[in-house]
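Encoded as structure tokens, here's the structure I'll be asking about.
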Amino acid sequence: MTTPHILTGPDLAQSWSLIRRRAGERISLVPTMGALHAGHLSLIDAARRHSDRVMVSIFVNPTQFNRRDDFDAYPRTVDDDIELCRNAGVDAIYLPTVEAMYPTGFATTIEPGPIAQHWEGTHRPGHFAGVATVVVKLLLACAPDVAVFGRKDLQQLAVISRTITDLNIATAIVGAPTIREADGLAMSSRNRRLSPDARSRATAIHRGLLAAVTSAARSGDVDQIERAALADIEPAADSIEYVAVIDRATFVRPTGVCAPDSCALIVAAWFDGVRLIDNMTLDGLD
Ligand code: AMP
């Protein structure tokens, strides 16, 4: 197992990538904020299927956090992450410092369009501008042929796909399925911060998603689907930001009846000070 190259600034990432591409190799990138888990490893596996070389970026991006306490509390486990990447056969890790990403005088922000205005966009003001800007910067530094993102962050994936298309960035965006714990909880770096009590209550999210799928199979009635999910999630969570049916293309909530294969239930809820998000397509296939 060879140790991945550690690239600490955009110039180093650009030249590593350029040398590989000149050698005729395809490169893929898996952008992460570290505290890697099996969900991230599944993206690395998917990336390998698309390319000759896999890059992983690890950067806890301050501009996508709308709360300073959340940024400060975000788990940072860089040594373990490097070891996991090494064992997964990752070729290079882009590990920039905040100063390398946002030097003094940095002043440019990408403002994503309407998809970014709902749900996460409402509850986390500025979040998607931070995400879109950092992802474009990561893609310009690593210049991958393919970048792999998890459908766990479904709205993020939609915002990124739109941004990359609109800016004519020549990277193919690939979405990968959500990896879950045995009891259904979606894997997340934030799960490390859950108390044992909150960890066990958080399994209600997955039960709520499954209840929504069952309800959608019966009638497709949007209100009824949301009520089915809430019946599981509401008693377990400390508070709920949204439990909503959305059209996967627009992130608009349909009125009346929805088509299960083009709609998803999306959830954001708090458990003992930890904010968790999850989603499932209403046909239950993803
Ligand atoms: P993060 O480090 O949380 O910013 O996530 C980095 C990437 O991993 C994003 O594309 C996420 O959607 C993806 N990801 C996070 N959790 C999971 C999971 N449980 N299954 C699959 N992908 C995930």
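Start at 1 and go down the list; that is how both ligands and their atoms are numbered. Just so it is clear, the model here is predicted, and its values are computed rather than measured.
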Of all protein heavy atoms, the one nearest atom 23 (C) of ligand 1 is K152 CB, 4.0 Å
Could you tell me whether the side chain of S28 reaches within less than 4.5 Å of the side chain of V54, counting heavy atoms only? yes
F149 neighbourhood, listing ligand 1 atoms whose heavy-atom distance to it stays under 4.0 Å: 10 (O)
Report yes if V148 has an N/O atom closer than 3.5 Å to an N/O atom of ligand 1; otherwise report no. no
Taking N or O atoms only and a 3.5 Å limit, does S188 qualify as a polar contact for ligand 1? no
Check whether any N or O atom of H40, backbone or side chain, sits under 3.5 Å from an N or O atom of ligand 1, and answer yes or no. yes
Less than 4.5 Å apart, any side-chain heavy atom of T122 and any of E241? no
So do S188 and K152 actually touch side chain to side chain, heavy atoms under 4.5 Å? yes
In terms of atom number and element, which parts of ligand 1 are under 4.0 angstrom from non-hydrogen atoms of T178? 20 (N), 21 (C)
Between M187 and ligand 1, is there a nitrogen or oxygen pair with a distance under 3.5 Å? yes
Any luck finding a side-chain donor-acceptor pair between D272 and S195 under 3.5 Å? yes
Where does A38 meet ligand 1, judged by heavy-atom distances below 4.0 Å: at the side chain, the backbone, both, or neither? neither
Any N or O of I179 closer than 3.5 Å to N or O of ligand 1: yes
T97 and T8: side-chain contact (heavy atoms from CB on, under 4.5 Å), yes or no, with the steps? CA-CA 7 Å; T97 59; T8 52; 5.6 Å; no
Do me a favour and list the nearest non-hydrogen protein atom to atom 3 (O) of ligand 1 with residue, atom name and distance? Y74 OH, 3.7 Å
What residue and atom, counting heavy atoms only, is the protein's closest point to atom 22 (N) of ligand 1, and at what distance? G150 CA, 3.7 Å
Parallel, tilted or perpendicular, judged at 30° and 60°: which one describes the rings of W16 and H5? tilted
Less than 4.5 Å apart, side chain to side chain, heavy atoms only: is that true for T108 and T133? no
Atom 4 (O) of ligand 1: the protein heavy-atom neighbour that sits closest, reported with distance to 0.1 Å: M33 CG, 3.6 Å
Could you label the plane-to-plane angle of the Y102 and F59 rings as parallel, tilted or perpendicular, counting under 30° as parallel and over 60° as perpendicular? tilted
Heavy-atom pairs closer than 4.0 Å: do any link ligand 1 to the side chain of F59, the backbone, both, or neither? neither
Name the one of L36, I6, L95 that satisfies side chain to side chain contact (heavy atoms under 4.5 Å, CB included) with V78? L95
Please verify whether a non-hydrogen atom of P177 lies at under 4.0 Å from ligand 1. yes
Check each of D81, D79, D80 against T77 using the side-chain hydrogen bond (donor to acceptor under 3.5 Å, both in side chains) test, and report the only one that passes. D81
I need the atoms of ligand 1 closer than 4.0 Å to a non-hydrogen atom of T32, numbered in the order shown. 2 (O), 6 (C)
Between D70 and R190, does any NZ, NE, NH1 or NH2 come within less than 4.0 Å of an OD or OE carboxylate oxygen? yes
Which protein non-hydrogen atom lies closest to atom 8 (O) of ligand 1, naming both residue and atom, and how far is it? L43 CD1, 3.2 Å
Tell me whether F65 is reachable from V159 by hopping between hydrophobic residues (I, L, V, M, F, W, Y) whose side-chain heavy atoms are closer than 4.5 Å. no
May I ask whether R151 has any heavy atom positioned less than 4.0 angstrom from an atom of ligand 1? no
What protein heavy atom sits nearest atom 12 (O) of ligand 1, and how far away is it? D153 OD2, 2.6 Å
Considering only the protein, which heavy-atom contact is closest to atom 6 (C) of ligand 1, and what is its distance? P31 O, 3.3 Å
